[in-house]
Amino acid sequence: MGRGKVELRKIENKINRQVTFSKRRCGLVKKAHEISVLCDAEVALIVFSQKGKIFEYSSDSCMEQILERYERYSYAERRLLANNSESPV
């Protein structure tokens, strides 16, 4: 028997919200690690808490290398899209 659907809305109680954030953050990091190991994927995860505290996870390679790679790919994709939109049809 599975769990019921959870209605997604802000948790008003601050203590409950913090507990849920902590548990779900740990679960998210665990899933990021699992996909990294099982699929040999490079993973970078950055989470900011409501108070601005940062939590990060990166697979074997360092966070900076993954972010640089992301910037290269996103820049190349934006250039490609811009060139395609300028081309006459």
Side-chain angles (χ1 to χ4, degrees):
M1 184 172 179
R3 296 182 188 183
K5 286 194 172 189
V6 176
E7 182 183 341
L8 292 180
R9 58 181 166 74
K10 182 179 177 181
I11 299 170
E12 297 301 327
N13 183 298
K14 288 183 179 183
I15 295 170
N16 291 350
R17 186 170 52 235
Q18 180 58 40
V19 169
T20 300
F21 175 81
S22 179
K23 287 181 179 179
R24 293 215 174 207
R25 186 191 74 236
C26 291
L28 185 60
V29 171
K30 181 180 177 183
K31 291 293 185 185
H33 176 71
E34 288 173 0
I35 196 168
S36 170
V37 171
L38 294 173
C39 302
D40 195 29
E42 289 185 31
V43 177
L45 172 68
I46 303 171
V47 178
F48 289 96
S49 72
Q50 185 179 13
K51 295 187 178 195
K53 191 172 180 183
I54 186 170
F55 301 92
E56 60 183 70
Y57 167 82
S58 61
S59 52
D60 292 337
S61 57
C62 70
M63 179 71 76
E64 288 80 17
Q65 290 175 340
I66 296 173
L67 291 176
E68 286 172 8
R69 185 173 175 195
Y70 169 76
E71 286 180 3
R72 282 195 309 272
Y73 277 94
S74 63
Y75 176 74
E77 188 173 310
R78 284 193 305 267
R79 296 262 333 245
L80 183 63
L81 290 174
N83 289 340
N84 287 343
S85 66
E86 292 174 1
S87 300
V89 177

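- Side chain of Ser58 to backbone of Ala44: no donor-acceptor contact under 3.5 angstrom is found.
- Residues meeting the side chain to side chain contact (heavy atoms under 4.5 Å, CB included) test with Cys62, sequence neighbours left out: Glu64, Gln65.
- Environment of CD1 in Ile15: sparse, with no more than 12 heavy atoms of neighbouring residues, nucleotides or ligands closer than 6.0 Å.
- For the residue pair Ser36 and Ser59, the shortest heavy atom distance occurs at OG-CB, 3.0 Å.
- Linking Ile, Leu, Val, Met, Phe, Trp and Tyr whenever their side-chain heavy atoms come within less than 4.5 Å puts Leu67 and Ile54 in one cluster.
- Annotation for Asp60: atom CG does not count as buried by contact number, only 12 or fewer foreign heavy atoms lying within 6.0 Å.
- Following chains of ILVMFWY side-chain contacts shorter than 4.5 Å, one cannot reach Val29 starting from Ile66, and the two form parts of different hydrophobic clusters.
- Atoms CG and NZ, from Leu45 and Lys31 in turn, are 13.5 Å apart once rounded to the nearest 0.5 Å.
- Rounded to the nearest 0.5 angstrom, Ile35 CD1 and Lys30 NZ are separated by 14.5 Å.
- In this structure, OG in Ser22 is found 7.5 Å from CZ in Phe55, a value given to the nearest 0.5 Å.
- Dense packing is recorded around CZ of Arg17, with more than 12 heavy atoms of other residues, nucleotides or ligands lying under 6.0 Å away.
- Here the side chain of Ser74 pairs a donor or acceptor atom with the backbone of Tyr70 at under 3.5 angstrom.
- Put simply, CD on Gln50 and NZ on Lys53 are 14.0 Å apart, with the number rounded to the nearest 0.5 Å.
- Atom CD of Gln18 is separated from atom OG of Ser49 by 7.0 Å, given to the nearest 0.5 angstrom.
- You'll find the side chain of Val37 reaches within 4.5 Å of the side chain of His33, heavy atoms only.
- Tracing side-chain contacts under 4.5 Å through hydrophobic residues (I, L, V, M, F, W, Y), one never reaches Ile11 starting from Val19; they form parts of separate clusters.
- Under a cut-off of 6.0 angstrom, the local environment of CG in Asp40 is sparse, with at most 12 non-hydrogen atoms contributed by other residues, nucleotides or ligands.
- Cluster membership for Met63 and Val47, using ILVMFWY side-chain heavy atoms within less than 4.5 angstrom, is not shared.
- Summarising the geometry, atom CZ belonging to Phe21 is positioned 11.5 Å from atom NZ belonging to Lys51; distances are rounded to the nearest 0.5 Å.
- Just one of Arg72, Glu71, Arg79 meets the side chain to side chain contact (heavy atoms under 4.5 Å, CB included) condition when paired with Tyr75; it is Arg79.
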